[in-house]
Amino acid sequence: MKTGSVNSSSSIMDMFEQGKVLKICAPMVRYSKLAFRSLVRKYNCDICFTPMIVATDFLRSVKARDSEFTTNERDRPLIVQFAAHDAQTLADAACVVAPFSDGVDLNCGCPQRWAMSSGYGACLINKPELVKDMVRHVRNQVDNPNYTASIKIRIHKDLRRTVDLCQKAESAGVSWITVHGRTAEERHQPVHYDAIKTIKDSVSVPVIANGDIKYLRDVESTHQLTGVDGVMAARGLLANPAMFAGYEDTPLQCIWDWVDISVEQGTPFTCFHHHLIYMLERVTSQPERKVFNSLSSTSSVIEYLQNTYGTVQDIET
């Protein structure tokens, strides 16, 4: 666990001002790590989530803590997302990360088979009493009243069950709720904005909308449709980390910022390369992608970028 120190006197809840729609980087396995969070923070991202961390592994293994949770003093505000199915395990994990973060989030939305079969992720939306218990344990045991405990959910086909879940979580002291507007079975079907609006209208805590946020204009349109307090993006930010700053495609400056951050933080090549593949996908041709995707070292990637796109200084002169 590599960390920086944190000021515990400020609360993330202060950011939910009326009128400002918060822009949030989603938890993404392998991708929403420190280097990528550092990048999106330069481009108007208000809050970042870590990738989902399995709480039992995190508590059991020093190796897991070191590989799964790395942060620094500039990596704020930060929410650590855990997969858990036991209230005390979640509370224990929250107490470990609390000095270095602003809140924890319970994953109640991951639809992957391994997670569901282990009792994690989206299967928890069918266990409202357990979710309520987990939220309450975190609220009671983390010794910082400003520390947040949130949940990220998917919706039921019968929306009354989702509303009941959210109201139970609210009664346990949940700080806010992120709603991915699809059921656990849905993948690329349209987002159910009406369901998100119903949930927003049913609770008094802030609600965040997640699903199909690809451009800055989607932030405002989602807010207009649902009345939510913020939006969370995943694939949209992978394709364009500068999306929240209003760029339609990844600007060259952002690509070189990623190179600088990755070199500075020692980002493993596979991660460094994968992010660039996502960033360049919309602006490159198939033959260009084939060449770029086959590169196998950081130096060859940097040389390719310089030769193909030039540096930011080249454009400015």
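The first residue of the sequence shown is numbered 1, and numbering continues consecutively from there. Because only heavy atoms are used, hydrogens play no part in the values below, and waters and symmetry mates are left out as well, while side chains stay in.
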Here the gap from Ile153 atom CD1 to Cys110 atom SG, rounded to the nearest 0.5 Å, amounts to 14.5 Å

A side-chain contact here means heavy atoms from C-beta on lying under 4.5 Å apart; do Trp258 and Lys42 qualify? no

Just wondering, more than 12 heavy atoms not from [X] lying within 6.0 Å of its [atom1]?
X	atom1	value
Arg235	CZ	no
Asn307	CG	yes
Arg187	CZ	yes

Charged N-O contact under 4.0 Å between [X] and [Y]:
X	Y	answer
Arg41	Asp46	no
Arg282	Glu248	no
Arg65	Asp57	no
Asp164	Lys168	yes
Asp75	Arg37	yes
Asp133	Lys127	no

Any donor-acceptor N/O pair, [X] side chain to [Y] backbone, under 3.5 Å:
X	Y	result
Ser175	Ala149	yes
Asn107	Phe82	no
Thr70	Lys33	no
Arg289	Glu281	yes

Hey, can you tell me if [X] and [Y] have their rings parallel, tilted or perpendicular (30° and 60° cut-offs)?
X	Y	result
Tyr304	Tyr309	perpendicular
Tyr31	His274	tilted
Trp176	Phe49	perpendicular

Examine Val54 and Leu90 and state if one hydrophobic cluster contains both, with Ile, Leu, Val, Met, Phe, Trp and Tyr joined whenever side-chain heavy atoms are less than 4.5 Å apart.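 No, because Val54 and Leu90 fall into different hydrophobic clusters, even though each may have its own neighbours under 4.5 Å.
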
